[in-house]
Student: 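Here it is, the structure in full.
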Amino acid sequence: MRKLFSFICLALVNLLFSQTSLEWPLIPLPNHYEVKSGSFLLSPKTELFFEATKLSNHLTYFNASLQSQCGFQLTRSSDSIRPSVIILELVNSGPNSAEAYSLEISPNKIKIKGDTAGVFYGLQTLKQLINDQSGYQIKLPCLKIQDQPRFIWRGMHLDVCRHFFSPSFVKRYIDFLAMYKLNTFHWHLTEDQGWRIEIKKYPLLTQVGAFRKGSMVGKYSDSNYDTLSYGGYYTQEDIKEIVNYAQQRQITIVPEIEMPGHSQAAIAAYPWLSCSGKKQEVAKGWGVFEDVFCSKDSTFNFLKDVLDEVMTLFPGKYIHIGGDECPKTRWKDCAKCQALIKKEHLKDEHELQSYFIKRIETYVNSKGRQIIGWDEILEGGLAPNAAVMSWRGEEGGIAAAKQKHKVVMSPGTHCYFDHYQASPADEPLAIGGFTPLEKVYGYEPLPKSLTADEAKFIMGAQANVWTEYIITEKQLEYMSMPRMSALAEVLWTYPENKNETNYLIRLQKHFALLERQKVNFAKGIYQVNFKIRNDLDAKQLYLELQANPYLGEIHYTTDGSEPQSQSPLYTTPILLSTDMKIKSTLFYAGQAKTRSLTRSYQINKATNKSIQFKKEPSKYYNPGNFVMVNGESAKLPRINDQWLAWSGDDMELILDLQKSEDIQSVEIGFLKEELNWIYLPKEVILFVSNDGKKFTELQHLNSKQLTNERSALFQLKNTTAQYLKIIAKNKGKIASGFPGACEQAWLFSDEIKVK
Ligand code: ACM
Ligand code: ZN
């Protein structure tokens with residue numbers, strides 16, 4: 001019966017979406033297509049015809065991939081009248097449709113038409129249609145595609161400073177961008193932890209600045225370092241080769257030279273660039289550092305020299321000048337910076353930062369180029385022609401568009417691929433955050449608050465891959481793939497043509513190509529999602545196991561064993577009436593699609609009971625009171641929808657057990673994450689009552705008495721009560737010398753267990 005149901009579902013989906021989009025793994029989905037009957041056989045007998053010499057690179061490129069996948073190449077024919085032919089036709093499309101293309105496949109002929117970029121994209125579509133087929137008989141469906149991207153900035157960023165990636169791997173990364181018709185590679189080349197671009201005039205930038213004497217190991221909060229020399233850089237020859245490689249793939253590289261902050265590696269090479277002139281080391285740890293470029297003339301001269309070489313190497317319109325996270329501490333104490341503030345009649349150090357960027361912009365503009373910077377460049381006034389990359393949410397991008405400045409959206413909420421993409425407890429260590437594939441796919445780069453005219457300033461979006469926790473090439477692939485494909489569809493395919501289930505089905509087929517290319521992509525789409533539901537009337541808890549039904553069926557166990565295809569099939573929610581440990585896996589055609597996930601539930605006297613807070617949690621961390629009594633303790637690393645939190649305020653709650661109960665123990669969880677200003681409570685106090693009005697204090701624990709710095713456990717004797725009151729005293733204003741000094745501490749709490 002269940003099998004029949006799955007079959008009907010699949011049949012319905014096939015009806016719902018067009019045959020092509022499902023059957024052929026095209027990502028991003030073309031905007032207009034028509035499926036025809038019949039097929040074209042691509043074989044060593046197929047010839048390729050084009051007139052424009054401009055297209056010879058395309059032939060070389062296409063042949064290289066055909067050779068490695070199928071073991072043959074196409075020869076160029078002198079005319080288009082051949083029994084099996086691919087015709088590339090160059091048209092001059094004009095600036096607004098330079099990336100448009102048409103692709104028509106008929107039984108004996110394939111025709112791709114477009115400008116240089118358009119023809120390249122047509123060939124990408126063809127490569128995706130080949131997918132994982134190999135050998136001398138490649139079957140391609142007859143169809144007609146007319147396609148053009150939605151946005152002109154379709155970008156991916158890569159931080160090669162926190163960890164260095166070899167020139168050959170950078171090329172592989174560029175190939176991923178090309179596969180998804182992305183056209184901008186934002187190359188983050190300088191940082192506190194390493195300067196990675198050779199500058200001939202300042203050789204110490206790489207001789208000294210490209211190497212650090214150790215790196216952080218593990219979580220930031222552990223503060224562990226190794227003592228290994230770590231580094232690397234790209235020579236100008238490497239860069240020329242990579243720029244050329246990208247150009248052949250219709251990708252513009254936007255180099256980023258960070259200023260005035262994130263510049264400690266440059267200062268390590270040339271200490272006179274800083275305010276104090278003191279010797280510094282290339283940073284070993286992650287974070288934001290106080291030694292930044294001093295705003296004196298010699299620094300500007302240095303930066304002009306550096307930018308001269310950068311602009312010679314990178315021919316694109318935009319030069320990224322960073323601009324983010326620049327502490328003003330050193331400028332406040334620097335006679336030169338203060339004298340400049342006075343001379344230029346600037347209000348403060350924020351205006352000095354704005355002055356700094358404007359001065360650099362004037363220089364870059366004088367060379368016929370434009371600057372782009374992180375959204376902090378809005379502070380103290382935007383430079384007249386600057387484009388803004390909005391990363392701290394979309395607000396910066398919205399403000400810039402309203403001021404008629406060009407914008408690239410890259411909000412941390414949807415576009416940071418260093419964030420977790422699946423349940424953090426089951427993933428390799430990452431910086432934090434939670435950005436699953438579906439969230440990326442659902443991203444809409446045009447904010448609703450902009451008028452149509454303002455929205456024209458949004459050039460597109462990009463995802464950022466910061467590499468503090470991304471150490472190896474394999475891990476970099478894991479973090480960026482397949483999220484890069486979701487972003488590509490956001491940026492290429494018009495919203496009316498997008499559909500998440502349709503995308504997931506295409507993606508599942510496209511995985512075959514990634515496997516063939518030995519890409520270490522994440523398989524989060526196959527992870528079973530555990531969702532607890534409470535049925536308030538029946539006062540019962542249920543566990544729902546969720547996965548996209550088109551990707552497989554869920555099997556689970558409750559005895560701790562690994563689920564097999566013969567283990568119970570999940571069909572309806574599982575009643576949680578006693579403690580349970582559930583392991584679950586998605587299977588397709590009897591094969592496990594990924595490893596199992598395990599969740600434990602502890603059902604106790606507090607489970608599913610009602611809670612009232614004296615002061616509601618912060619609106620930023622308030623997934624509902626139920627998370628405190630849902631039978632599941634929040635896992636670490638933190639994922640926000642499992643916690644309630646208060647900023648500066650105490651947490652005070654009353655729990656109604658609904659009848660008088662004998663109580664042996666009460667336990668409540670807290671979180672310590674001081675680097676994020678989350679502190680344990682100073683004190684936790686337990687009260688009981690039988691009428692909900694008059695409470696008697698029973699016990700209190702201070703922060704040192706918490707178990708594993710995680711939970712307050714009260715052991716009780718001869719206690720009977722219906723109501724519990726718990727007060728957890730917030731640490732309040734954070735003392736100086738501690739993370740978040742002078743700010744209000746956060747108090748995070750999760751599960752209460754009463755036994
Ligand atoms: C950034 O993530 N600091 C731009
Ligand atoms: Zn200074």
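Remember, predicted model here, so these are calculated numbers, not experimental data. Remember, it's 1-based here, ligands and their atoms both numbered in the order they're listed.
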Student: Testing the 3.5 Å rule here: is there a donor-acceptor pair between the side chains of D426 and S423?
Tutor: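 Looking only at side-chain atoms, S423 and D426 do form a donor-acceptor pair, the distance falling under 3.5 Å.
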Student: Counting only nitrogen or oxygen atoms and a 3.5 angstrom limit, does D324 reach ligand 1?
Tutor: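 By distance alone, the answer is yes.
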Student: Taking distance alone, with no angle check, do W391 and ligand 1 share an N/O pair under 3.5 Å?
Tutor: no
Student: So with a 6.0 Å cut-off around NZ of K402, is the heavy-atom count from everything else above 12?
Tutor: yes
Student: Run the numbers on Y220 and E673 for side chain to side chain donor-acceptor pair (under 3.5 Å), then give the verdict.
Tutor: CA-CA 10 Å; Y220 184 82; E673 217 177 271; over 6 Å; no
Student: Looking only at side chains, do Q280 and D291 share a donor and an acceptor under 3.5 Å apart?
Tutor: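 Yes, because at least one side-chain N or O of Q280 sits under 3.5 Å from a partner of the opposite role on D291.
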Student: So if I count the atoms of ligand 1 from 1 in the order they appear, which ones are less than 4.0 Å from some heavy atom of E325?
Tutor: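 Near E325, meaning under 4.0 Å from one of its heavy atoms, ligand 1 has 3 (N).
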Student: With the Zn ion (ligand 2) at the apex, how many degrees lie between SG of C294 and SG of C337, rounded to 10 degrees?
Tutor: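 It comes to 110°.
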Student: For W466, counting its heavy atoms only, list the atoms of ligand 1 lying under 4.0 Å from any of them.
Tutor: 1 (C), 2 (O), 4 (C)
Student: Looking at atom 2 (O) of ligand 1, what's its closest protein heavy atom, distance included?
Tutor: Y416 OH, 2.7 Å
Student: We want to know whether Q193 and R212 form a side-chain donor-acceptor pair, criterion being a heavy-atom distance below 3.5 angstrom.
Tutor: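 No - no donor-acceptor pair under 3.5 Å links their side chains.
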